[in-house]
Amino acid sequence: MHRKGLLYIVSAPSGAGKTSLCKAIIDILPNLRHSVSHTTRSPRPGEVHGRDYYFATKDEFDAMADRGAFAEWARVHGNCYGTALAELEQARDAGWDLLLEIDCQGAAQLKEKCPEAVFIFILPPSPEELERRLRGRQTDTGEVVEERLRNARVEMREMFWYDYLVVNDDFDQARQQLQAIVLASACRTELLKEPVKKLLAEFGL
Ligand code: 5GP
């Protein structure tokens, strides 16, 4: 049954485990793809242009923003990040569901533009655990960790307008919850009204 591709918007404070959880469900669900964002931040070791991000200069990013090439964009931790409209169009044309890992400012922009998208917020189980996870990443300086902890407090205030909340205490349980949200959202009556018409006709309805 052919239905429209869905957009899943996932936000979380840095260190909540969003990227690992998203990767885990993308590995399992064949129709679900990861949206590749544009960013002005430098690649981290191991990151690949076009797979993890499209790395752009500030001038390139600004030029895209000026010509309205982004569905949403925001400044996060001192860098610019954005989802190109072309990324959404490509998924729509291919019939894929798309998972966007983006911050709350970008999510709020899409809430206006894409009311049928599914908004999911991932929470750390406690401030102590969030700090432990952030300090455990060898890649960030103490200053960066402090900034991310401050930002986490700001971002967590946003969670109440999201459709679903997942607390990432036990990874497997959080993964199951995220997977359940994704699968259940794809069965919403509103989404299947059109595709189910042919089936109804076969029943003479
Ligand atoms: P990182 O630099 O750690 O990969 O990402 C930093 C933050 O930027 C994360 O909260 C991530 O979700 C957010 N982010 C990544 N891509 C986008 C995007 O396209 N748009 C917005 N608004 N935020 C993004």
Side-chain angles (χ1 to χ4, degrees), residues 7-26 33-58 60-91 98-114 117-124 130-131 133-159 161-162 164-166 168 174 178:
L7 289 184
Y8 297 96
I9 316 295
V10 183
S11 304
S14 180
K18 171 182 57 160
T19 303
S20 309
L21 282 170
C22 289
K23 189 177 175 316
I25 60 160
I26 285 169
R33 305 291 160 110
H34 190 265
S35 168
V36 181
S37 298
H38 284 69
T39 182
T40 59
R41 91 152 157 72
S42 311
R44 296 190 183 121
E47 283 185 330
V48 177
H49 179 82
R51 185 193 67 189
D52 300 291
Y53 279 107
Y54 296 109
F55 296 99
T57 63
K58 184 74 172 64
E60 287 165 347
F61 194 97
D62 288 347
M64 283 183 73
D66 287 347
R67 64 171 190 271
F70 288 121
E72 61 75 32
W73 73 270
R75 180 173 277 278
V76 189
H77 309 314
N79 289 300
C80 293
Y81 295 82
T83 307
L85 279 167
E87 191 72 13
L88 305 188
E89 284 158 9
Q90 188 196 3
L98 203 58
L99 191 149
L100 281 65
E101 276 184 60
I102 64 175
D103 88 314
C104 298
Q105 306 167 75
Q109 294 168 39
L110 293 181
K111 185 89 176 164
E112 302 280 310
K113 289 185 190 166
C114 313
V118 182
F119 292 80
I120 306 162
F121 195 94
I122 296 174
L123 293 150
L130 183 68
E131 181 162 358
R133 290 181 192 170
L134 285 173
R135 297 210 186 276
R137 289 179 177 176
Q138 305 300 334
T139 47
D140 296 326
T141 61
E143 219 171 276
V144 169
V145 170
E146 294 301 328
E147 195 199 342
R148 293 194 169 210
L149 283 170
R150 274 196 302 278
N151 284 343
R153 288 196 181 86
V154 176
E155 285 163 333
M156 291 202 21
R157 292 202 189 101
E158 297 285 321
M159 67 178 161
W161 60 260
Y162 281 72
Y164 295 96
L165 300 177
V166 173
N168 184 14
L178 188 58

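Remember, it's 1-based here, ligands and their atoms both numbered in the order they're listed. If you read the sequence from its start, that first residue is 1, and numbering goes on from there.
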Visitor: Using non-hydrogen atoms of the residue, decide whether Gly82 is closer than 4.0 angstrom to ligand 1.
Guide: yes

Visitor: Starting from the C-alpha separation in whole Å, work towards a yes-or-no answer on side-chain contact (heavy atoms from CB on, under 4.5 Å) for Ile26 and Arg33.
Guide: CA-CA 6 Å; Ile26 285 169; Arg33 305 291 160 110; over 6 Å; no

Visitor: Parallel, tilted or perpendicular for Phe119 and Tyr162, by the 30°/60° rule?
Guide: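 Phe119 vs Tyr162 ring planes: perpendicular.
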
Visitor: Is the distance between the ring centroids of Phe121 and Trp161 under 6.0 Å?
Guide: no

Visitor: Only one of Leu134, Asp103, Asn151, Val76 forms a side-chain contact (heavy atoms from CB on, under 4.5 Å) with Ser14, so which one is it?
Guide: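 The side-chain contact (heavy atoms from CB on, under 4.5 Å) with Ser14 is passed solely by Leu134 among Leu134, Asp103, Asn151, Val76.
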
Visitor: Provide, to 0.1 Å, the distance between atom 7 (C) of ligand 1 and the closest protein heavy atom, together with that atom's residue and name.
Guide: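 Looking only at protein heavy atoms, the one closest to atom 7 (C) of ligand 1 is Val76 CG1, 3.7 Å.
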
Visitor: For atom 19 (O) of ligand 1, what's the nearest protein heavy-atom neighbour? Residue, atom name and distance, please.
Guide: Ser37 OG, 2.6 Å

Visitor: Which ligand 1 atoms does Ala74 reach within 4.0 Å, using its non-hydrogen atoms?
Guide: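 Answer, ordered by atom number: 22 (N).
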
Visitor: Any idea which atoms of ligand 1 are less than 4.0 Å away from a heavy-atom of Thr83?
Guide: 19 (O)

Visitor: Is the ring pair Tyr54/His38 parallel, tilted or perpendicular, if the boundaries are 30 and 60 degrees?
Guide: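 Rings of Tyr54 and His38: tilted, 30 to 60°.
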
Visitor: Going by distance alone, is a donor N or O of one side chain under 3.5 Å from an acceptor N or O of the other, for His34 and Glu101?
Guide: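 Note: His34 and Glu101 side chains meet the donor-acceptor criterion.
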
Visitor: Is it true that Glu101 lies under 4.0 Å from ligand 1, counting heavy atoms only?
Guide: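 Glu101 counts as a contact of ligand 1 under the 4.0 Å cut-off.
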
Visitor: Before accepting this row, confirm whether a basic side-chain N of the pair Arg135/Glu131 lies closer than 4.0 Å to the acidic partner's carboxylate O.
Guide: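 Yes, Arg135 and Glu131 are salt-bridged.
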
Visitor: Would you indicate which of Phe70, Tyr81, Tyr54, Trp73 comes nearest to atom 6 (C) of ligand 1 when only heavy atoms are counted?
Guide: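 Nearest option to atom 6 (C) of ligand 1, by heavy atoms: Tyr81.
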
Visitor: With a cut-off of 4.0 Å, which atoms of ligand 1 are near a heavy atom of Gly106?
Guide: 22 (N)

Visitor: State if Arg44 counts as touching ligand 1 under the rule of any non-hydrogen atom under 4.0 Å.
Guide: yes

Visitor: What do we get for Glu72 next to ligand 1 when only non-hydrogen atoms under 4.0 Å count, side chain, backbone, both or neither?
Guide: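 Under 4.0 Å from ligand 1, Glu72 contributes side-chain atoms alone.
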
Visitor: Just need the protein heavy atom nearest to atom 23 (N) of ligand 1, so name the residue and atom and give the distance.
Guide: Asp103 N, 3.1 Å

Visitor: Among all protein heavy atoms, pick the one closest to atom 5 (O) of ligand 1 and tell me residue, atom and distance.
Guide: Tyr53 OH, 3.4 Å

Visitor: Is any NZ, NE, NH1 or NH2 atom of the basic residue among Arg41 and Glu47 found under 4.0 Å from an Asp or Glu carboxylate oxygen of the other?
Guide: yes

Visitor: Dump the intermediate steps for side-chain contact (heavy atoms from CB on, under 4.5 Å) on Lys58 and Cys80, then the final yes or no.
Guide: CA-CA 8 Å; Lys58 184 74 172 64; Cys80 293; 4.0 Å; yes

Visitor: To check your reading of the model: name the closest protein heavy atom to atom 11 (C) of ligand 1, its residue, and the distance in Å.
Guide: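 Of every protein heavy atom, Lys18 NZ, 3.4 Å lies nearest to atom 11 (C) of ligand 1.
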
Visitor: Within a distance under 4.0 Å of any heavy atom of Arg41, pick out the atoms of ligand 1 and give their elements.
Guide: 1 (P), 2 (O), 4 (O)

